[in-house]
Student: 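This is the structure, below, for whatever I ask next.
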Amino acid sequence: MYNFIDTTGNQTSAVRPSEAMSINGRYIEDIIPGYRTLTVQGRELLASDLTTAEIASRDGSILKNRRYPSRSITITYQLICADSGAFRNAYDKLNEILNTTNAKIIFADQDDRFYIGTPRNCGEVPTGRNSVVADFEILCLTPFKFSTSEYTVQAINGVFNVNYNGTVPSSPRFSIDFAQAQHGESGYVVFSDAQSHVIQLGDPKELDTTSHTESETLIDDKFNEATLGGWSKNTGKSHEGHLYQGAWQVKESGGKYITPSSYGTNTSAELSGPSVTKEIPADSSGVKGAKNFEMSYYLVWSLNDSCDPRCLGTYECMIHDDSGNVVAGVELLKWYSGTAANAKIYAGGKYVHYFEFDAGYFSDWFGFGYSGHPPVRTISINKIGDQFRFNIAGRILSYTVPEGKDMKATKVTFASTKYRGMGDIYPPMLNYLFWMKFRKTNVEKFDDIPNKFARGDNLVADCSDGSIKVNNLPRPDLGALGNDWETLKLVPGQNRINFACSAFTTDKPTAKLTYREVYL
């Protein structure tokens, strides 16, 4: 139900029209009083474009290709307002609603399916009245509609069996969770269908490598009350004069995380806040310290939900040796008003680089993203000898630091600080730490890393855009040349897709396939 204003200016209650349009989750009738969808055109039959060729020795033509063009949907609406002020306010709101790209479009008479479209070509609005009939157009570059529900199938004995009810082929998304057990690592994974379309990730040649000492995951903490208890508070070595004080709390939103509950009362330092520190355990041979390692963590770090540009502070991850030197680390720093922040990189005991990024609430770096741009929120730090590699929300940086070759990681510290200047009036950045992993790598060269996928890793491969992520970090380097991203699809009816991984992976991973049904 929604409020409707009749020609006398009185508000009445009306049933939402059958073709009412929802854009990004809200019906326009529910947002703008007096707005009502009258007709929708362009959702019916969609003509295909045919490419044909004539051959001199035969009658007629042959079909070479068929494709569907983009779809245009025209919405005709009525807007009735009590006075000119309400009329102008209504159009301000309608402009705001339609100022979007790649929006999720749902119509009330088929609310289990959606289009992806961008508003364009707003029609002429009659002048000199507060009761008008006009139209606007939605351009759907992809002409199909998608089921609002996602469906997930788990592989059984290396096979996905999918009964697909859509009318147009759909691109699946694969998710692989590698077992935490001793033989859960793998060098590669492969997916193939009955038409011999193949997606291969990793390196099958790892089956032929010589024996080596296995790498080990020494820390794998998903933060909650129990795991937080395994970290010491405010004991880490202070970074660049920051004061570690205050306390942490466990909260939950899409998973549990830790965030500061206080930043302490001592304002003697410009930046202060709580830290957590953990010693890196000895490996299975009893050896402490990791000269070669890979560490990754997942966090939110952005302006608060009111998008207050005055939010200031840092988020630090520092990996130290026994002497307190920084083996490697990343500091996210916002020092001035606005949405811009810096990422400062440390390697081999020194500061090596920084770059600027967007720390806004809707940032797709460490914020909450926006339509079509989900956040990455993940950082990984790799060290092999004197080679350091950082993957910061998809931005990959590499450095050679000879002084760091023999440095061994023994402790990890996370710290969240806020700016304490100007009478402590600045709000802190949003900062949530969800999980972290530390893996000791027993090799001497990056090229010799034995297993592309470690125990406990999560791999996601999306055929719709060819993207590959490991532990939420983009990893395009894992894809094989010639992968059939565009042709490995679910087709109407019964589908069988095979899944395989390295023969030495005796503790098999959990493989899932997720898809939406697609319709003309």
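These numbers come from the heavy atoms of this one structure, side chains and all, not from hydrogens, waters or symmetry mates. Computed from a prediction, not measured in an experiment: that's the story for all the values here. Start at 1 with the first residue, then count along the sequence.
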Student: Under 3.5 Å, sequence neighbours excluded: what are the donor-acceptor pairs made by side chains of residues 249-258?
Tutor:
| from | atom 1 | to | atom 2 | distance (Å) |
| --- | --- | --- | --- | --- |
| Gln249 | NE2 | Pro260 | O | 3.3 |
| Lys256 | NZ | Glu225 | OE1 | 3.1 |

Student: Output all residues satisfying side-chain contact (heavy atoms from CB on, under 4.5 Å) with Asp220, sequence neighbours left out; order by chain, then residue number.
Tutor: Gln180, Thr217, Lys222, Lys437

Student: Can you pull the salt bridge (Lys or Arg N to Asp or Glu O under 4.0 Å) pairs that have at least one residue in residues 333-348, sequence neighbours excluded?
Tutor: Glu240-Lys344

Student: Are there more than 12 heavy atoms of other residues, nucleotides or ligands under 6.0 Å from atom NZ of Lys508?
Tutor: yes

Student: Any salt bridge (Lys or Arg N to Asp or Glu O under 4.0 Å) pairs touching residues 292-315, not counting sequence neighbours?
Tutor: Glu294-Arg439, Asp308-Arg310

Student: Not counting sequence neighbours, list each pair that qualifies as a salt bridge (Lys or Arg N to Asp or Glu O under 4.0 Å) and has a residue in residues 492-502.
Tutor: none

Student: Name the orientation class of the two ring planes belonging to Tyr432 and Phe434 (parallel below 30°, tilted from 30 to 60°, perpendicular beyond 60°).
Tutor: perpendicular

Student: Does Thr167 have any side chain to side chain donor-acceptor pair (under 3.5 Å) partners at least two apart in sequence or in another chain, and if so, which?
Tutor: none

Student: For Phe174, which residues count as a ring-ring contact (aromatic ring centres under 6.0 Å, His included) partner, sequence neighbours excluded?
Tutor: Phe160, Phe191

Student: Checking Lys489 now: which residues fulfil side chain to side chain donor-acceptor pair (under 3.5 Å) with it, not counting sequence neighbours?
Tutor: Ser171

Student: Can you name the side-chain contact (heavy atoms from CB on, under 4.5 Å) partners of Thr314, sequence neighbours left out?
Tutor: His242, Leu271, Glu316, Glu331, Leu333, Thr417

Student: Not counting sequence neighbours, list each pair that qualifies as a salt bridge (Lys or Arg N to Asp or Glu O under 4.0 Å) and has a residue in residues 263-288.
Tutor: Asp221-Lys278, Glu279-Lys288, Asp283-Lys440

Student: How would you list, by chain and number, every residue that makes a ring-ring contact (aromatic ring centres under 6.0 Å, His included) with Trp231, sequence neighbours excluded?
Tutor: Phe223, Phe414

Student: Assess the side chains of Ser380 and Ser296: does a donor N or O sit below 3.5 Å from an acceptor N or O?
Tutor: no

Student: List, one per line, each side-chain donor-acceptor pair under 3.5 Å for residues 472-481, sequence neighbours excluded.
Tutor:
| from | atom 1 | to | atom 2 | distance (Å) |
| --- | --- | --- | --- | --- |
| Asn472 | ND2 | Val376 | O | 2.3 |
| Asn472 | ND2 | Thr378 | OG1 | 3.3 |
| Arg475 | NE | Asp477 | OD1 | 2.9 |
| Arg475 | NE | Asp477 | OD2 | 3.4 |
| Arg475 | NH2 | Asp477 | OD2 | 2.8 |

